[in-house]
Amino acid sequence: MNNILVFCETDEGRVADVSLELITKARELAGKLECKVEAFLAGKSVGELAGTLGNWGVHRLFLAEHESLEFYRTLHYSKLLVSVIESERPQIVLFGATCIGRDLAPRVSSALKSGLTADCTQLEIGDYTDPKGNAYSNLLYQIRPAFGGNIIATIVNPLHKPQMATVREGVMKKEMLSKAVDVERVRIDTSSILDDTCEAVKIIDRVVEKRSIDIKSSQIIVAGGYGVGSKENFELIHQLAKVLGGEVGASRAAVDAGFAENARQIGQTGVTVRPKLFISVGISGQIQHTAGMDGSAKIISINSDPLAPIHRIADYSIVGDLNIVVPKLIEYYKKHSK
Amino acid sequence: MRVVVLAKQVPDTRTVTKDAMTPEGTVNRAALDAIFNPEDLYALEQALRLKESNGCEVIVLTMGPERATQILKDSLFRGADHVILLSDSRFAGADTLATSYALATAIGKLSPDLVLAGRQAIDGDTAQVGPQIAQELSIPQITYATEISLADNCTIRVKRAIERGSEIVESSLPALVTVTSSAARPRSANARSVMRYKNFTAFEKWSVDTIGGDLNRYGSAGSPTKVRNIENIVFTAKESKVVNPDDASLENLITELIADHTIA
């Protein structure tokens, strides 16, 4: 009772990375709250994934399997999840801030009349005293950027349970347990919960591309910004990434200008990355962008503007023309590697 | 057929300058332009297209202070038929749940066939209010829409974005749809409408007294989430090594990165 429940998504037949990140975080929070981690998983046939969740520390899995659950649909998933939350009364419910999580979580929060904080980048446990002096302990601090990324707000739900949050992909680490726990499976009786009203929305057609660009899991990222100048010039970024064995990222301005694909966008709108090495080329370094990469272990900035804010968060800052600097880096890497 | 478009006036967070934050770390709204939330304009555009193709009535509803009538006027300029300002000091301190309750209660008075809204507002970026309203009204929701058309009188067909792809769904009406900026570009003001409405001031104003509802669910009282604290973002300058863009320094940097195994 009063555990932490994680809504699990699947991706290409596996439990999605963002869900594993949440479970890892939930373990840490559960340690402080002295409770357990539970998960909710729905799909056409997802039962075989149950076992793997033990490696991540899920003690109890609420499993909903049905033909109609093959693809995510709001009404089906929200009904099932609301019924689990109403009967189990978790103190915290976490979702990935994905297309699905951001569609589902607010629907569930409204059904339960409980609070929800979107796109958290940090979760902690702490105390809170309201303006009237009432004190609350062991609340979930839901920490998120707001106002276009210019402020960081800490949100609490002192009176309402569950405390719900969506969490951005890639900002929390995922870590398996060295010793798996036993997962208790609780099968949800879908037929008693789902009804005809769920069928109000029908999927007519669906196109999903295979994951081809995956900058999140790359240890080296070379990212270009608007300063790269053109799509042709962006080829330089690709060349450097290729010789270093890394991936290509881009700022929003570069994506908007058509220099790079959407999937490469790093920042508040886009993905969050934390590679070993991040080489930033022709990116000015607005907070909306740096929020998605400032967790990188090492940052090299290449920008001809000495006042560009990116230089201030870089470990190595190079004030120079990228058309000269980047080819030289490629040349010297080829000379010294192997 | 009646379409209600939800719109919000927001501070333009995309052009934030140093003055945008007070020294205490709160938002200095006076230093920021108040604009029509960008994705709400995309929602309005979809409504106007349905008006052209199917003769729908388009009503724009906004919740906010008196000056939010600016975006209502803008809506009239672009082709909305009717606009409503929902404003009441009893809404103060509302989080997304309390906001969605107020809007849902107001929408309920209008009995629309379709509710359209932008996916999210740029001041909060939560994308929560749309789905919360749909649940409160017990109607289906379709988020991340990029194209909307009527399949028949009681069914809409929507193309929507999903992770790495898209899907086409059909929903019975009434329904709520949130629209992203990948949808058709919003039109600009229509010269004839501008002439007609430029001196318009007779905005329909609704308050809690107009819409009724449960007083305990409005404003701060109806908001489960509370802001514990707010921090202004300060760049914590790292100790940066300046590398000159000359051959020797760049070669040195590469050998250093290879030596500490940052790169293979």
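Here is how names work: the chains are called A, B, and so on, in the same order as the sequence lines, proteins then strands, and each is numbered from 1.
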Determine yes or no for a side-chain-to-main-chain donor-acceptor pair under 3.5 angstrom, with B/Q135 supplying the side chain and A/V108 the backbone.
no
Option that, when pairs with chain A are counted at under 4.5 Å, heavy atom only, ranks first among B/A127, B/S249, B/G222
B/A127
What's the shortest heavy-atom distance between A/K276 and B/H261, and which atoms?
NZ-O, 3.5 Å
Identify which part of A/K335 has an atom lying under 4.5 Å from any heavy atom of chain B, answering side chain, backbone, both or neither.
side chain
Between the side chains of A/Y332 and B/D247, is a donor N or O closer than 3.5 angstrom to an acceptor N or O?
yes
Can you say whether B/T262 sits under 4.5 Å from chain A via the side chain, the backbone, both, or neither, judging by heavy atoms?
both
Above 12 or not: heavy atoms from other molecules or residues under 6.0 Å from NZ of A/K216?
yes
With side chains defined as the heavy atoms from C-beta onward, is the minimum distance between A/D321 and B/P245 less than 4.5 Å?
no
Max heavy-atom pairs within cutoff under 4.5 Å with chain A, candidates B/R157, B/E136, B/R119, B/R217, goes to B/R217
Per-residue contact mode, A/L329 against chain B (heavy atom under 4.5 angstrom)
both
Would you give the length of the straight line joining atom CD1 of A/I203 to atom CD1 of B/I168, rounded to the nearest 0.5 angstrom?
11.5 Å
Less than 4.5 Å to any heavy atom of chain B: does that hold for the side chain of A/Y141, its backbone, both, or neither?
side chain
Contact class of B/L253 relative to chain A, heavy atoms under 4.5 angstrom:
side chain
Answer with side chain, backbone, both or neither: which region of A/K328 has an atom nearer than 4.5 Å to a non-hydrogen atom of chain B?
side chain
If we ignore hydrogens and angles and just use 3.5 Å, is the side chain of B/E251 paired with the main-chain N or O of A/H336 as donor and acceptor?
no
Least distance between heavy atoms, A/S110 atom then B/Q132 atom:
OG-O, 2.9 Å
With a 4.5 angstrom heavy-atom cut-off, which part of B/I162 approaches chain A: side chain, backbone, both or neither?
both
Between B/D95 and A/I155, is any pair of side-chain heavy atoms under 4.5 Å apart?
no
Distance check, rounded to the nearest 0.5 Å: A/Y136 atom OH versus B/K226 atom NZ?
9.0 Å
Of the backbone (N, CA, C, O) and the side chain (C-beta and beyond), which part of B/I254 lies under 4.5 Å from a heavy atom of chain A, both, or neither?
side chain
Does A/A118 offer a backbone N or O that forms a donor-acceptor pair with the side chain of B/Q128 under 3.5 Å?
yes
Tell me, for A/E169 versus chain B, whether the close heavy atoms (under 4.5 Å) come from the side chain, the backbone, both or neither.
side chain
Residue A/I300 versus chain B: region with a heavy atom under 4.5 Å
side chain
Taken to the nearest 0.5 Å, the spacing of B/S100 OG from A/L116 CG works out to 10.5 Å
Taking all atoms of both residues into account, what is the closest heavy-atom pair of B/A161 and A/C99, and its distance?
O-SG, 4.4 Å
Measuring from B/R164:CZ to A/E209:CD, what's the distance to the nearest 0.5 Å?
8.5 Å
For the residue pair B/I263 and A/L277, what are the closest heavy atoms and their distance?
CG2-CD2, 3.6 Å
Most contacts with chain B, counted as non-hydrogen pairs under 4.5 angstrom, among A/S78, A/G320, A/S109
A/S109
Do B/R228 and A/L139 touch side chain to side chain, with heavy atoms closer than 4.5 Å?
no
Applying a strict 4.5 Å limit to non-hydrogen atoms, the region of A/L159 in contact with chain B is neither
Where does A/V319 contact chain B at under 4.5 Å (heavy atoms): side chain, backbone, both or neither?
backbone
If one checks every heavy atom of A/D205 against chain B at 4.5 Å, the contacting part turns out to be both
Contact winner vs chain B - A/T269, A/N157, A/L75, A/T154, heavy-atom pairs under 4.5 Å:
A/T154
Okay, B/N252 and chain A: the region with an atom under 4.5 Å from a heavy atom over there is neither
Cut-off 4.5 Å, heavy atoms of chain B, and the answer for A/T117 is both
Please look at A/D11 and chain B and tell me whether the side chain, the backbone, both or neither of the residue comes under 4.5 angstrom of a heavy atom of that chain.
side chain
Atom group of B/L250 that falls short of 4.5 Å from chain A, counting heavy atoms:
both
Is it the side chain or the backbone of B/L257 that comes within 4.5 Å of chain A heavy atoms, both, or neither?
side chain
Shortest non-hydrogen pair, B/P224 vs A/S114, comes out as CG-C, 3.7 Å
Could you please spell out the steps behind the side chain to side chain contact (heavy atoms under 4.5 Å, CB included) verdict for B/Q141 and A/D103?
CA-CA 9 Å; B/Q141 72 192 44; A/D103 181 271; 3.1 Å; yes
In terms of heavy-atom pairs under 4.5 Å with chain B, which of A/A200, A/A291, A/C198, A/A153 leads?
A/A200
Can you tell which part of A/R144 gets under 4.5 Å to a heavy atom of chain B, answering side chain, backbone, both or neither?
side chain
Given a strict heavy-atom distance threshold of 4.5 Å, which part of A/A263 is in contact with chain B: side chain, backbone, both, or neither?
neither
Neighbour count >12 (heavy atoms, 6.0 Å) for atom CG, B/D214:
yes
Can you find a pair of side-chain heavy atoms, one from B/Y144 and one from A/R102, that are under 4.5 Å apart?
yes
